[in-house]
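Predicted, not measured: the structure shown is a model, and the values here were computed from it. By convention here, the first residue in the shown sequence is residue 1.
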Amino acid sequence: MTTLPKYLKQGEAVRLFPVLSTTSKEGRTTAAVLACLVQIEALGSTLLQSVGQRRGKRSQISAFTEVVFKNQPDRSEDRPDGFVILKTGPREWRALVETKVGNNTLQAEQIERYRNLAKDNAIDCVITISNQFATTPDAHPLEDVRRSRSKIPVYHWSWMHVLTTVELLINNEGVANPEQLWLLQELRRFLNHDSAGVQSFHRMPKEWSDLNRLISSGGVISVRSSEAQSVIDAWHQETRDLSLILSRLVDTTVREKLPRKHIQDPTRRKKDELTVLRDRHQLTSVLDIPNSAAPLDIVVDMKRRSLDVGMHLRAPEDRKSTKARINWLLRQIKSDALDGLYIRLLWPGGSEPSQHLVSDLKENVDLCQKGKDHLVVHGFQVFLSKRLGGRFTQQVNFISDLEATVPHFYGEIGSNLTAWKRPAPRIKTEHSLVDESSAMRASEDTRGPTLLDNREEERD
C-alpha cells in the first residue's frame, strides 16, 4: 500500500473504485483517471510528457486524493482533488490536481490559491482538468490564469483530451501488457458513459446569436466588443475539440496549426483573430493531419453564413498545361456528388483566382482555361462550401453542422488527395551518355582552340 508522504497531514492513496457518495461524480471520475495514470505505464508517460515530464523505466508514479498539507493554515478549506508524484531516483516532481466535471467550470481565484499552496510546499505545478478546452496544456483556457504573475505553472487537460489519449493508445496498440490494456479499455468505457461527466464542446455562447444579428444588420464590431471576445474564446474551444474528434477518427494526433507567435502568446492570437473578425467577419482555423496532402483549412464566414473546408495543393510542375494539371487533380477526387465542392485555381502574377464546381470541370475540363489561355495554373484549393442559413446563427446547430462537415470533407475528399513532389533525379542510361559524349566532341571540333590549347602551344 502506498505510504502517505510525511509532508501530508491528510490524503488517501488513489483508488480505482473509491467509496464515495453517489452524488460525488467529480471524485469518482478523478480517482478513476489518476488510478489508471499510476497503473498504466503508457497512459502515465503520455499524459505527463504533455506537461514536460519524462517517465523513465525506473520512475514511479503515485497519486492521492483530497490532500491536506501539514504546512497549511488550519482554517484553510482548500483541498485539492488530487496530488501526483513522479519519483525518479532521488528527484521528486509534484503536481496538485484540480478537476471539474459536467457543466462546472474552473475558477481563477481558486487556482491562484492552489498556486500559493504549491509555492509554500515546494510543489512544481498545478494541473487542472475540466470540460473546458485548451489548444495546448500550457495555454490555460482561463485568461486570468495565463496573466497571473505567479511563478508556479498551471497546465490544463480537457477530459476529452484524456479520453482521446486513451483511444489512441488502444487503437494504435500502444499498450503491450494485456492487464493494462484491459484496464485502459475499461477506462475508455467509463469516460464515454454519461455518469463520468465528460462532455465535448457542443454549443456556442449566447453572444454568438447577438454577434450574428449585429453583422447581418450591417453593424460594426467594436475593438472592445465583449461579444466578439466571448465568441473567439468559444471558437478556440471548438477548434480544439474538433482536432480531438478527428484524432479519434483517423487514429493519430491531429493538432491545430498555429504560428509560433500565437503559441507563445495566446493574448496576441486573440487580438489578431479579433482583427480578422472585425475586418472580414470570419473565424478561421488550420488543422494539421499527419501524412495528409495538406493541412485542413476551415473558414467560418458570418456575413455569408457559410462554412468552407478545404485543402491547398501545389500544381504538378512536370505537366506543362493547365488542362493536364487540372486532370491530375480531378483523377484524385473520387466523389463529385458533394454539393458545393469547388476547385479554386491559383494563377501566377497578379491574375485573380478562378473557381469552378468539380462536377462542371469533370463534364468539361476546358472551363479551367476560360480567360486564362496565356497562363499556367500553379496551385489549387479544393474546398467544400456550405451555406447553413438559419442554422448558422443557432448555438447548437452551428456546432453540430461544423462537426459533421469537417470530417465528411476529409473522409470523402481530403484523405484521397496526394501532394505533388518533384521526381527524384534519374541515372542516365548508357545510350544517353554516348549521345552526350558525341555531342561534346562535335562541339569541340567546331569551336576552335581554347585558352588552355593556346597555353599548351606556348609551352611547346
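Checking side-chain atoms of Lys303 against main-chain N and O of Arg280 turns up no donor-acceptor pair under 3.5 Å. Side-chain atoms of Trp235 never come within 3.5 Å of backbone atoms of Met204 as a donor-acceptor pair (strictly under, hydrogens ignored). At least one donor-acceptor pair closer than 3.5 Å links the side chain of Gln332 to the backbone N or O of Thr418. Judged purely by atom type and a 3.5 angstrom limit, Arg344 has no side-chain atom pairing as donor or acceptor with the backbone of Gln381. In terms of modelled atom types and a separation under 3.5 Å, the side chain of His378 and the main chain of Trp347 share a donor-acceptor contact. Under a 3.5 Å cut-off, the side chain of Arg248 and the backbone N or O of Glu167 do not form any donor-acceptor pair. Formation of a donor-acceptor pair under 3.5 Å by the Thr393 side chain with backbone atoms of Ser209 is not found in this model. Between the side chain of Gln237 and the main chain of Phe133, a donor-acceptor pair closer than 3.5 Å is present.
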Check against side chain to side chain contact (heavy atoms under 4.5 Å, CB included), Glu112 and Ser150: CA-CA 8 Å; Glu112 207 60 29; Ser150 172; 3.6 Å; yes
Where do Leu341 and Val382 land on the side chain to side chain contact (heavy atoms under 4.5 Å, CB included) test, with the steps shown first? CA-CA 7 Å; Leu341 183 62; Val382 185; 4.3 Å; yes
Report the C-alpha separation of Met311 and Leu296 in whole Å, then their side-chain angles, then the decisive distance to 0.1 Å, and conclude whether the side chain to side chain contact (heavy atoms under 4.5 Å, CB included) test is met. CA-CA 5 Å; Met311 299 171 79; Leu296 206 59; 3.7 Å; yes
From CA spacing to verdict: side chain to side chain contact (heavy atoms under 4.5 Å, CB included), Leu16, Cys36: CA-CA 7 Å; Leu16 185 59; Cys36 289; 4.0 Å; yes
Step-by-step side-chain hydrogen bond (donor to acceptor under 3.5 Å, both in side chains) determination, Arg28 to Ser195: CA-CA 10 Å; Arg28 289 200 313 276; Ser195 64; 5.0 Å; no
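Side-chain contact between Ile40 and Asn177 is absent, with no heavy atoms from C-beta onward closer than 4.5 Å. No side-chain heavy atom of Gln199 sits under 4.5 Å from any side-chain heavy atom of Phe201. Side-chain contact check for Thr99 versus Val33: every heavy-atom pair is 4.5 Å or farther apart. Put simply, the side chain of Leu384 does not reach to within 4.5 Å of the side chain of Ile413, judged on heavy atoms. Proximity of Val97 to Ile129: side-chain heavy atoms (C-beta onward) are separated by under 4.5 Å at one or more points. The shortest side-chain heavy-atom distance between Val154 and Ile111 falls under the 4.5 Å cut-off. Looking at heavy atoms from C-beta onward, Leu37 lies out of side-chain contact with Val14 at the 4.5 angstrom threshold. By the 4.5 Å heavy-atom criterion applied to side chains, His262 and Asp272 are counted as neighbours.
In terms of heavy-atom proximity, Gln72 sits nearest to Asp78 at NE2-O, 2.8 Å. Pairing each heavy atom of Ser148 with each of Arg115, the nearest pair is CB-NH1, 2.8 Å.
No more than 12 heavy atoms of other residues, nucleotides or ligands sit less than 6.0 Å from atom NZ of Lys119. Around the CD atom of Gln49, the shell of radius 6.0 Å holds no more than 12 heavy atoms that belong to other residues, nucleotides or ligands. No more than 12 heavy atoms of other residues, nucleotides or ligands lie within 6.0 Å of CD in Gln60, so this atom counts as exposed by the packing criterion. More than 12 heavy atoms of other residues, nucleotides or ligands lie within 6.0 Å of NZ in Lys100, so this atom counts as buried by the packing criterion. Applying the 6.0 Å contact sphere to CZ of Arg331 captures more than 12 heavy atoms from other residues, nucleotides or ligands. Atom CG of Asp279 has more than 12 heavy atoms from other residues, nucleotides or ligands within 6.0 Å. Counted within 6.0 Å of CZ on Arg255, heavy atoms from surrounding residues, nucleotides or ligands total 12 or fewer; the atom is thus considered open. Around atom CG of Asn103, no more than 12 heavy atoms belonging to other residues, nucleotides or ligands sit under 6.0 Å away.
Going from atom CG of Leu169 over to atom CG of Leu43 covers 6.5 Å, rounded to the nearest 0.5 Å. Distance check: Phe83 CZ to Ile123 CD1 gives 4.5 Å after rounding to the nearest 0.5 Å. Distance check: Asp241 CG to Gln132 CD gives 13.0 Å after rounding to the nearest 0.5 Å. Within the model, atoms OG of Ser400 and CG of Leu388 stand 9.0 Å from one another, a figure rounded to the nearest 0.5 Å. Atom OG1 in Thr253 sits 12.0 Å away from atom CG in Leu246 (nearest 0.5 Å).
Ion pair Lys270/Glu273 not flagged as a salt bridge, since none of the NZ, NE, NH1 or NH2 atoms sits closer than 4.0 Å to an Asp/Glu carboxylate oxygen. A salt bridge links Asp210 to Arg213: at least one charged side-chain nitrogen sits closer than 4.0 Å to a carboxylate oxygen. Under a 4.0 Å N-O distance rule, the pair Arg240/Glu256 does not qualify as a salt bridge.
In this view, Glu186 satisfies the salt bridge (Lys or Arg N to Asp or Glu O under 4.0 Å) rule with no residue, not counting sequence neighbours. The salt bridge (Lys or Arg N to Asp or Glu O under 4.0 Å) test applied to Lys9 returns Asp74, not counting sequence neighbours. Evaluation of the ring pair (Phe, Tyr, Trp, His ring centres under 6.0 Å) rule for Phe383 yields Tyr342 as partners, not counting sequence neighbours. With sequence neighbours excluded, the residues forming a side chain to side chain contact (heavy atoms under 4.5 Å, CB included) with Val198 are Asn131, Trp159, Met160, Leu191, Ala196, listed by chain and number. Annotation: side-chain hydrogen bond (donor to acceptor under 3.5 Å, both in side chains) contacts of Arg224 (sequence neighbours excluded): none.
Aromatic ring pairs are classed by plane angle as parallel below 30°, tilted from 30° to 60° and perpendicular above 60°; the pair Phe392 and Trp208 is tilted.
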Side-chain donor-acceptor contacts of residues 50-58 below 3.5 Å, not counting sequence neighbours, with atom names and distances?
| unit_1 | atom_1 | unit_2 | atom_2 | d |
| --- | --- | --- | --- | --- |
| Ser50 | OG | Leu47 | O | 2.5 |
| Ser50 | OG | Trp157 | NE1 | 3.0 |
| Gln53 | OE1 | Arg91 | NH2 | 3.2 |

